[in-house]
Amino acid sequence: QVRLVESGGGSVQSGGSLRLSCSASGPTFENYAMYWFRQAPGNEREFVASISRGSVNSYYSDSVKGRFTISRDDAENMVYLQMNSPKPEDTAIYYCNQDFQAGVKARGFKYDYWGPGTQVTVSS
């Protein structure tokens, strides 16, 4: 079973930048699309971004489009989320996960496994 470990979170001011990392175990990382999700206190977990196999396509939620960039390094089994110009409403725990296809995930998605996540706090 895949093991996912997110890192890179912390405190940042609005207008700054932060890069999140996700390490995935397993020999078939390159066969999966990768996703970033987030969950703010009192809210459901929500889709943030996804990237297809081979980095051909990427998708973003409307709330982060133009500010965040997802990327992956298949040689290192890593996926990243570059957060530029974060806003206080981006404050959340961020999680990565894998799926068969990249796209925009509506609410109600389910995964059998989640990593511990990484906390991002954006101050104004």
Going hydrophobic residue to hydrophobic residue with side-chain gaps under 4.5 angstrom, can you get from Ile51 over to Phe47?
no
Residues in side-chain contact (heavy atoms from CB on, under 4.5 Å) with Ser25, at least two apart?
Val2, Arg3
If you measure from CD on Gln101 to CG on Asn57, what distance do you get to the nearest 0.5 Å?
10.5 Å
Beyond-backbone contact of Asn84 with Phe68, side-chain heavy atoms, under 4.5 angstrom:
no
If you count heavy atoms of other groups shown closer than 6.0 angstrom to CG of Asn43, is the number above 12?
yes
Joint hydrophobic cluster, Ile70 plus Val64, side-chain heavy atoms closer than 4.5 Å
yes
What pairs of residues pass the ring pair (Phe, Tyr, Trp, His ring centres under 6.0 Å) test when at least one of them lies in residues 71-124, not counting sequence neighbours?
Tyr32-Phe100, Phe37-Phe109, Phe37-Tyr111, Phe37-Trp114, Tyr95-Trp114, Tyr111-Trp114
How close do Ala102 and Ala33 get, heavy atom to heavy atom, and via which atoms?
N-CB, 3.3 Å
Please examine the side chains of Met83 and Arg19, heavy atoms only from C-beta on, and report whether any two atoms are closer than 4.5 Å.
no
A side-chain contact here means heavy atoms from C-beta on lying under 4.5 Å apart; do Tyr60 and Ser58 qualify?
yes
So the salt bridge (charged side-chain N to carboxylate O under 4.0 Å, His left out) pairs with at least one residue in residues 21-43 (sequence neighbours excluded) are Arg38-Glu46, Arg38-Asp90
Under the rule for side-chain hydrogen bond (donor to acceptor under 3.5 Å, both in side chains), what residues qualify as partners of Asp62, not counting sequence neighbours?
Lys65
Would you mind listing every salt bridge (charged side-chain N to carboxylate O under 4.0 Å, His left out) that reaches into residues 74-83, with sequence neighbours excluded?
Arg72-Asp74
CA sep, side-chain torsions, deciding dist, call: Leu20, Val120, side-chain contact (heavy atoms from CB on, under 4.5 Å)
CA-CA 9 Å; Leu20 307 184; Val120 173; 3.8 Å; yes
Main chain of Gly103, side chain of Ser50: is a donor-acceptor contact present, judged purely on distance under 3.5 Å?
yes
What pairs of donor and acceptor atoms, side-chain ones from residues 5-17 against any protein atom, are under 3.5 angstrom apart with sequence neighbours left out?
residue	atom	partner	partner atom	Å
Glu6	OE1	Gly117	N	2.7
Glu6	OE2	Cys96	N	3.0
Ser14	OG	Ser123	O	3.1

Same hydrophobic cluster for Met78 and Leu81, using side-chain heavy-atom links shorter than 4.5 Å among ILVMFWY?
no
Nearest 0.5 Å, what's the CG-NZ distance between Asn97 and Lys105?
9.5 Å
Using side-chain heavy atoms (C-beta onward) and a distance below 4.5 Å, is Leu4 in contact with Cys22?
yes
Would you say the side-chain atoms of Asn77 pair up with the backbone N or O of Ala24, donor to acceptor, closer than 3.5 Å?
yes
Verdict with reasoning, Gln119 to Thr91, per side-chain contact (heavy atoms from CB on, under 4.5 Å)
CA-CA 8 Å; Gln119 173 73 49; Thr91 294; 4.0 Å; yes
Say whether, by atom type as modelled, one donor and one acceptor occur between the side chain of Arg67 and the main chain of Ser85 under 3.5 angstrom.
yes
So which heavy atom on Asp73 is nearest to which on Phe29, and how close?
O-CE2, 4.1 Å
